[in-house]
Amino acid sequence: ALLDLTLSSGVATPLVSGVTACGSLKCADATPANIVDAFPPNTSTAKDVYYSFTPAASGSVTIDTCQPLCAGNPCPQSDTVLAVYAGYPGALSHIAAPWQNDTKFPVCSSGINSLAAGLTFTAQACTTYYIRVSGHNTGTLPGDFAVQLNFSPTTPANDACSPLTTVTANSSTLFDNLSTSLHTDGPATEQIFNDLWFKFVTPNSPGGPNDTTVEVCRANFDTALAVYDAPCPTSGHLVAFNDNFAGCGLNPLGINPIASYVQFQATATHPYYIRVGGHTATDRGCGFLHVSSHIPTSFALPAAGSCIAAT
């Protein structure tokens with residue numbers, strides 16, 4: 001059935017922010033129980049169809065079935081249910097609440113379709129969300145319906161050097177600079193535009209040469225990256241800087257040879273400040289900030305003593 005995700009290879013129809021999509025459940029079937037981790041109440045065996053949305057930036061998504069017209073034709077008072085999932089077709093998990101709605105509150109404006117569903121959720125950049133539109137297990141099957149999604153990007157909290165986002169050593173953090181301001185808070189000696197700021201503290205363990213790596217090799221745009229040893233730094237605090245690292249175009253790092261990668265010897269328990277952005281004023285996108293620090297190269301051997309058989 002069109003739009004169904006009943007198979008692992010199923011494909012959902014993409015939604016465009018601000019554009020009404022016309023759909024129908026007349027020829028749909030029901031999603032098998034093993035495809036998603038949960039269903040809204042009274043919809044586990046209902047006919048359903050799926051849409052998808054992948055925001056370029058993080059922000060707020062509002063979706064509803066309030067729309068009165070499809071291609072200029074009036075839509076019926078369809079009693080629909082909405083649910084939002086993430087993951088991939090064949091293994092979808094519902095997002096954090098609110099993730100489902102049966103009857104929109106407040107009801108659609110001007111009394112249009114009081115049976116419509118609607119909800120608002122926070123979306124992360126470059127993450128695909130799957131929107132399920134269904135009827136109920138029992139009752140009248142909703143036929144045609146009109147669904148509309150509206151997306152509003154939000155400016156990241158770490159757009160400036162203060163406040164910034166704290167990350168842990170040996171972690172990966174999703175980021176995007178689609179909605180950042182053009183300004184640069186760091187020294188002009190490092191040309192980084194549309195920047196974001198992060199902080200991490202190295203572990204309390206001995207390090208060595210190049211014991212700490214900071215990279216954004218899986219970013220989908222032309223990046224620049226700097227690490228400093230002071231907050232909101234001025235000149236003289238640069239630890240490492242990189243614009244293009246060819247190794248980022250090789251597996252297992254990523255597929256982007258114009259992404260950025262630095263290594264340096266870090267001091268244990270010392271805070272470091274990471275600045276990530278674009279190579280030019282027009283370079284924006286999303287990616288993962290990966291930080292690894294003080295990872296042992298070998299395991300310590302136990303003290304001499306009697307052998308104990310493994311159990």
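Just so we're clear, the structure is a prediction, and the values are computed from it rather than from any experiment.
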> Does Phe151 offer a backbone N or O that forms a donor-acceptor pair with the side chain of Ser17 under 3.5 Å?
Replying inline: yes
>> Is the shortest side-chain heavy-atom distance between Glu190 and Tyr228 below 4.5 Å?
In response: yes
>> Applying side-chain hydrogen bond (donor to acceptor under 3.5 Å, both in side chains) to Asp243 and His279, what does each step give before you reach the verdict?
In response: CA-CA 7 Å; Asp243 184 359; His279 169 68; 2.7 Å; yes
>> Tell me if a side-chain donor or acceptor on Ser260 pairs with a main-chain N or O of Asn244 at a distance below 3.5 Å.
In response: no
> For Asp195 and Asn177, what are the C-alpha separation, side-chain angles and deciding distance, and is it a side chain to side chain contact (heavy atoms under 4.5 Å, CB included)?
Replying inline: CA-CA 7 Å; Asp195 51 10; Asn177 70 340; over 6 Å; no
> Looking only at atom types and distance, does a side-chain atom of Ser134 sit under 3.5 Å from a main-chain N or O of Lys47, one as donor and one as acceptor?
Replying inline: no
> Atom OG of Ser172 and atom NE2 of His290: how far apart are they, to the nearest 0.5 Å?
Replying inline: 4.5 Å
>> Which heavy atom of Thr20 sits nearest to which heavy atom of Ala146, and what is that distance?
In response: CG2-CB, 3.8 Å
> Can you name the nearest heavy-atom pair linking His94 to Ala38, along with the distance?
Replying inline: ND1-CB, 4.0 Å
> Do the non-hydrogen side-chain atoms of Val84 and Leu119 ever get within less than 4.5 Å of each other?
Replying inline: yes
> Which of these, Leu149, Leu82, Val147, sits in a side chain to side chain contact (heavy atoms under 4.5 Å, CB included) with Tyr51?
Replying inline: Val147
>> How long is the straight-line distance from CZ of Phe39 back to OG1 of Thr45, given to the nearest 0.5 Å?
In response: 9.0 Å
> Any side-chain heavy atom of Pro163 within less than 4.5 Å of one from Asn158?
Replying inline: no
> Run the side chain to side chain contact (heavy atoms under 4.5 Å, CB included) check on Cys126 and Asn220 step by step: do they pass?
Replying inline: CA-CA 10 Å; Cys126 300; Asn220 63 2; 4.0 Å; yes
> Any donor-acceptor pair under 3.5 Å linking the side chain of Asp176 with the backbone of Ala125?
Replying inline: no
>> Please give me the minimum heavy-atom distance between Pro187 and Arg275, naming the atom from each residue.
In response: O-NH1, 3.5 Å
>> Check Asp144 with Lys26, please: is the shortest side-chain N to carboxylate O separation under 4.0 Å?
In response: yes
> Backbone N or O of Thr267 within a donor-acceptor pair of the Thr202 side chain at under 3.5 Å?
Replying inline: yes
>> Please verify the inter-ring angle class for Phe121 with Tyr129; under 30° counts as parallel, over 60° as perpendicular, anything in between as tilted.
In response: tilted
>> Pair Ile131, Tyr50 - check side chain to side chain contact (heavy atoms under 4.5 Å, CB included), show working.
In response: CA-CA 5 Å; Ile131 297 101; Tyr50 286 80; over 6 Å; no
> Heavy atoms, side chains only, cut-off 4.5 Å: are Cys248 and Pro257 in contact?
Replying inline: no
> Got a donor-acceptor contact below 3.5 angstrom from the Asn101 side chain to the Gly118 backbone?
Replying inline: yes
> Between Ser24 and Phe145, which heavy-atom pair has the shortest distance, and what is it?
Replying inline: N-CE2, 3.5 Å
> Between Asp159 and Ser181, does any side-chain donor sit less than 3.5 Å from a side-chain acceptor?
Replying inline: yes
> Other than Tyr272, which residues form its hydrophobic cluster under the rule that side-chain heavy atoms must be closer than 4.5 Å?
Replying inline: Val167, Phe175, Leu196, Phe198, Phe200, Val214, Val216, Phe221, Leu225, Val227, Val239, Val262, Phe264, Ile274, Val276, Leu289, Val291
> What is the distance from atom OG of Ser171 to atom CZ of Phe288, rounded to the nearest 0.5 Å?
Replying inline: 11.5 Å
>> Using only atom types and a distance under 3.5 Å, with no angle test, would you say the side chain of Thr65 pairs donor to acceptor with the backbone of Ala116?
In response: no
>> If I take atom SG from residue Cys232 and atom CG from residue Leu164, how far apart are they, to the nearest 0.5 angstrom?
In response: 7.0 Å
> Looking at Leu92 and Gly87, what are the two nearest heavy atoms and their distance?
Replying inline: CD2-C, 4.0 Å
>> Evaluate Gln263 against Thr213 for side-chain hydrogen bond (donor to acceptor under 3.5 Å, both in side chains), listing each step before the verdict.
In response: CA-CA 4 Å; Gln263 280 189 324; Thr213 299; 3.0 Å; yes
> From Leu250 CG over to Phe245 CZ, what is the distance, rounded to the nearest 0.5 angstrom?
Replying inline: 8.0 Å
> Would you say the side-chain atoms of Asn170 pair up with the backbone N or O of Ser293, donor to acceptor, closer than 3.5 Å?
Replying inline: yes
>> Looking at every non-hydrogen atom in both residues, tell me the closest pair between Asn194 and Ala281 and how far apart they are.
In response: ND2-O, 3.2 Å
> Where the side chain of Lys104 meets the backbone of Pro106, is there a donor-acceptor pair that is under 3.5 Å apart?
Replying inline: yes
> Under the 3.5 angstrom rule, does the side chain of Asp283 hit a backbone N or O of Thr280 as a donor-acceptor pair?
Replying inline: yes
> Do Thr180 and Arg284 meet the criterion of a side-chain donor-acceptor pair at a distance under 3.5 Å?
Replying inline: yes
>> Applying salt bridge (charged side-chain N to carboxylate O under 4.0 Å, His left out) as the test, list every pair that has at least one member in residues 125-135; sequence neighbours left out.
In response: Asp48-Arg132
>> Tell me whether Leu238 shares a hydrophobic cluster with Trp197, the cluster being built from Ile, Leu, Val, Met, Phe, Trp, Tyr side chains joined at under 4.5 Å.
In response: yes
>> I'd like to know if the side chain of Asn42 pairs up with that of His136 as donor and acceptor (distance under 3.5 Å, no hydrogens or angles considered).
In response: no
> If you measure from CZ on Arg218 to OG1 on Thr223, what distance do you get to the nearest 0.5 Å?
Replying inline: 14.0 Å
>> Would Ile95 and Tyr130 count as a side chain to side chain contact (heavy atoms under 4.5 Å, CB included) here? Give the steps.
In response: CA-CA 10 Å; Ile95 64 171; Tyr130 294 91; over 6 Å; no
> Can you tell if the side chain of Pro41 reaches within under 4.5 Å of the side chain of Gln100, non-hydrogen atoms only?
Replying inline: yes
